[in-house]
Amino acid sequence: MDKIAIKNDQDYEISILRERISELEGLTERLRQSEERYRYFFETSPVGIYRTTPEGRILLCNQRLLDMLGYDSFEGIKDRDLEGDGSEPYYPRARFKQLLKIKGEAEILEAAWIKKDGSIIYVRENARAVKDKNGEIIYYEGRVEDITERKNLEQAKEDFISTAAHELRTPLTSLQGYLALLDKEHHGLADKEQAYINKLVKAAHRLHEIVEDLLSVIRLDHRPNVDLVAFQLEPVMEEAANEWRLKAKEERKSIILETQGDYVIQGEPEYTKKIISNLIGNAVKYTENGGTIRITNSRSADDNQPMVLVTVEDNGVGIAKEHHQDIFTKFFRAPNPLSVKAGGTGLGLYIVRQLVEIQRGRIWVNSEVGRGSKFTFTMPLRE
Ligand code: ADP
């Protein structure tokens, strides 16, 4: 009787064991299939995929990345040092690493990588930092898309705009010179003729502004290296405001300067003047006659990073919330009751943002349609 019971128990255990083994076999098969699928996508992906140490040594990459960088096999690439020789100074790797450290990921960053033969490819990169359980970064993982063709086209377009703008400069200067002479020296012109001259002077001035804006955009897109120096902010604010006083008076608009102190800041004085002047120009342009433009400065409350805040506020037509980010991009113009009459290229605020960022500051806007706009930018304070 006992023997049969033992036999039955053994049978039972064996059958359970068989069941577990077949479950495990099923799991292993599923794992194998999933690995095969992953390998297939990894090997045939149209984008480059990599894993590197935080120091930039390539641990793993797919065929597409090898092709992109001109290598035949992984053997050739495995000693590459992306950090030391991987990118151009224009696309600093330090920024990439900082993003991965702070945010854990870097989305759609543009970079320039050097190929095996020394030539450059431009890439769009998405990457994330993989950390161990103590939060230490073990490796970076990323996807890379080759955008060299698009970059080369952009470069050709930039070269064309730059040449055209430079070529326009000389005849335009002469046109403006002769118009100024005509305006000054020819007295006794009929009202109609004088009105024509005034219109020509205005049009030539507008053309001059467009040409200069185009040249500034191209120059600033390449983030020039600028020496940042210590200087007093208040006189620069005054100079910028004075540039607009005559026009404001003609249009019965008041420009009020309310400084809280003469701060010494770190930056580039001409850039700072251009930023403030541009913001005041817009405030004048997008405010109905009789409006008020107020310019202030103050120290920011954040003691860790002493900054000065400069604001330019108007009570004009305002900007709809959905456009607050867009207005700082190239060629964007938000529709408003004054935009057609005022004219413009949509380049002003893009240039302003570049100038602010070169001086290590930030810019943003608070605005409501019909109530006015307040632009604020920051600059590092020199204590
Ligand atoms: P532009 O004035 O040549 O169009 P900007 O780049 O200077 O180009 O400004 C972009 C857009 O932002 C403007 O077209 C306008 O719609 C909006 N904007 C800028 N400043 C103001 C302001 N102070 N008040 C209202 N709208 C503004």
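One-based numbering, in listed order, for ligands and for the atoms of each.
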Would [X] and [Y] pass as an ion pair if we require N to O under 4.0 Å?
X: Asp314; Y: Lys253; answer: no
X: Glu55; Y: Arg57; answer: no
X: Glu212; Y: Arg169; answer: yes
X: Glu145; Y: Arg150; answer: no

For this session: Could you tell me the separation between the OG atom of Ser298 and the CD atom of Glu258, rounded to the nearest 0.5 Å?
Result: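 CD of Glu258 is found 11.5 Å from OG of Ser298.
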
Non-hydrogen atom of [X] closer than 4.0 Å to ligand 1:
X: His323; value: no
X: Ser373; value: yes
X: Gly318; value: yes
X: Phe375; value: yes

Considering only distance and modelled atom types, tabulate donor-acceptor pairs under 3.5 Å from the side chains of residues 99-108, sequence neighbours left out.
none

Starting from [atom], find the nearest protein heavy-atom neighbour and note its residue, name and distance.
atom: atom 12 (O) of ligand 1; answer: Ile327 CG2, 3.3 Å
atom: atom 23 (N) of ligand 1; answer: Asp314 OD2, 2.9 Å
atom: atom 6 (O) of ligand 1; answer: Leu349 N, 2.7 Å
atom: atom 7 (O) of ligand 1; answer: Asn282 ND2, 2.9 Å
atom: atom 4 (O) of ligand 1; answer: Arg333 NE, 2.5 Å

Exercise. Would Leu207 and Leu168 show up in the same hydrophobic cluster when neighbours are defined by side-chain heavy atoms closer than 4.5 Å?
Worked result: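 Per the 4.5 Å side-chain linkage, Leu207 and Leu168 are co-clustered.
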
Nitrogen or oxygen of [X] less than 3.5 angstrom from that of ligand 1:
X: Gly344; result: no
X: Tyr286; result: yes
X: Pro335; result: no

Problem set entry | Pairwise ring pair (Phe, Tyr, Trp, His ring centres under 6.0 Å) hits with a residue in residues 129-183, at least two apart |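 Pairs touching residues 129-183 that pass the test: Phe96-Tyr140.
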
Exercise. Side chains of Ser216 and Leu347: does their closest heavy-atom pair fall under 4.5 Å?
Worked result: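 Not touching, per the 4.5 Å side-chain cut-off.
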
For this session: Specify side chain, backbone, both or neither for Asn278, according to which of its non-hydrogen atoms lie closer than 4.0 Å to ligand 1.
Result: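 Answer for Asn278: neither.
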
Problem set entry | Heavy-atom nearest neighbour of atom 27 (C) of ligand 1 within options Val284, Ile293, Thr329, Ile319 |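 The option holding the nearest heavy atom is Ile319.
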
